[in-house]
Amino acid sequence: MLILEVNNTIVTPALALLPKKMDTKEARQILLTIGLQESLFKYRQQINGPARGFWQFEKGGGMRGVLTHPATAGYAKEIQQERGHGVGVNAAFDALDKDDIFAAAMARLLMWSDPFPLPELDQVQRAWKFYERTWRPGKPHPDKWPGFHKQVQEALK
């Protein structure tokens, strides 16, 4: 239930802010799996850490990267202003734990900045490698990924 609720109330409106080509089944699958992996959709601030939002962005890496990457900067700045979050990295970072839709859109843009195609729906290990490459988790938990991936896959059927 939680996965469908997040998909319907957060991910769908976030993807509506972006070009249609960014809204695919594969994008939703990995976006929701990453959200579970990072926060269980419970924690908008990292426990004992600096990351924010359900997708646990850090200011220097993820947030700055999305706002400066040639493939995402324009979209990110437009959404930041449209959602009323001012201008710049600090303002965007401060919004991540207050605006779930904004956080989801930024997470999708981080995924968009990766030069490789998204993993197909059944490619659990490839999805894990994509997550490692794009999120660069400090304390990865690869043992949890397959279960989260399967939960999302089942929920989205």
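What you see below is based on every heavy atom in this structure, not just the backbone, and it leaves out hydrogens, waters and symmetry mates.
The one candidate from Met106, Arg44, Arg83 that meets the side chain to side chain contact (heavy atoms under 4.5 Å, CB included) condition with Asp99 is Arg83. Checked against Leu36 for a side chain to side chain contact (heavy atoms under 4.5 Å, CB included), the options Phe148, Trp145, Phe54 give a single hit: Phe148.
Lys98 NZ to His85 NE2: the interatomic distance, rounded to the nearest 0.5 Å, is 9.0 Å. Between Lys77 atom NZ and Thr72 atom OG1 the span is 9.0 Å, to the nearest 0.5 Å. Separating the CZ atom in Phe102 from the CG atom in Leu96 is a distance of 5.5 Å, to the nearest 0.5 Å. Residue Thr33 holds its OG1 atom at 12.0 Å from CD of Glu38, rounded to the nearest 0.5 Å. To the nearest 0.5 angstrom, Ile47 atom CD1 is 10.0 Å from Ser39 atom OG. Summarising the geometry, atom CG belonging to Leu17 is positioned 11.0 Å from atom CG belonging to Asp23; distances are rounded to the nearest 0.5 Å.
What you find for Lys21 and Thr24 is that their closest heavy atoms are O-CG2, 3.7 Å. Nearest heavy atoms, Thr12 versus Asn8: CB-O, 3.8 Å. The two residues Ala127 and Pro119 make their nearest non-hydrogen contact at CA-CG, 3.4 Å. Scanning both residues, Trp55 and Leu31, for their nearest heavy atoms gives NE1-O, 2.8 Å. Listed here is the closest heavy atom pair of Leu40 and Leu2: O-CD2, 3.7 Å. Taking both residues in full, the closest heavy atoms of Leu18 and Ala105 are given as CD1-O, 4.1 Å, listed atom of the first, atom of the second, then distance.
For Gln153 (side chain) and Leu121 (main-chain N/O), a donor-acceptor pair under 3.5 Å exists by modelled atom type.
If you chain together ILVMFWY residues whose side-chain heavy atoms come under 4.5 Å of each other, Val87 ends up in a group of its own.
Residues in residues 102-120 take part in these side chain to side chain donor-acceptor pair (under 3.5 Å) pairs, two or more places apart or across chains: Asp114-Arg133.
Considering only heavy atoms from C-beta on, Gln151 stays 4.5 Å or farther from Leu32 through its side chain. A 4.5 Å side-chain heavy-atom check between Glu154 and Ile3 finds every atom pair outside the cut-off. Contact check for Arg28 versus Leu15: side-chain heavy atoms found under the 4.5 Å cut-off. The shortest side-chain heavy-atom distance between Trp128 and Pro142 falls under the 4.5 Å cut-off.
By the neighbour-count criterion of 12 heavy atoms within 6.0 Å, atom NZ of Lys25 is sparsely surrounded, having that number or fewer from other residues, nucleotides or ligands.
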Next item on the list: Quick one: do Leu110 and Trp135 satisfy side-chain contact (heavy atoms from CB on, under 4.5 Å)? Show the steps, please.
Entry: CA-CA 8 Å; Leu110 180 59; Trp135 256 253; 3.8 Å; yes

Notebook entry, point to check: Where do Val11 and Val6 land on the side-chain contact (heavy atoms from CB on, under 4.5 Å) test, with the steps shown first?
Noted result: CA-CA 6 Å; Val11 172; Val6 170; 4.3 Å; yes

Check: Do Lys150 and Val124 pass the side-chain contact (heavy atoms from CB on, under 4.5 Å) test, and can you show the C-alpha distance, the side-chain angles, and the key distance before you say yes or no?
Finding: CA-CA 9 Å; Lys150 185 175 182 169; Val124 180; over 6 Å; no

For residues 56-69, tabulate all N or O donor-acceptor pairs below 3.5 Å that involve a side-chain atom, not counting sequence neighbours.
residue	atom	partner	partner atom	Å
Gln56	OE1	Gln46	N	3.3
Gln56	NE2	Tyr43	O	3.0
Gln56	NE2	Gly53	O	2.7
Lys59	NZ	Asn90	OD1	3.0
Thr68	OG1	Arg64	O	2.8
His69	ND1	Ala71	N	3.0

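Between the side chains of Gln80 and Tyr75, no donor N or O sits under 3.5 Å from an acceptor N or O.
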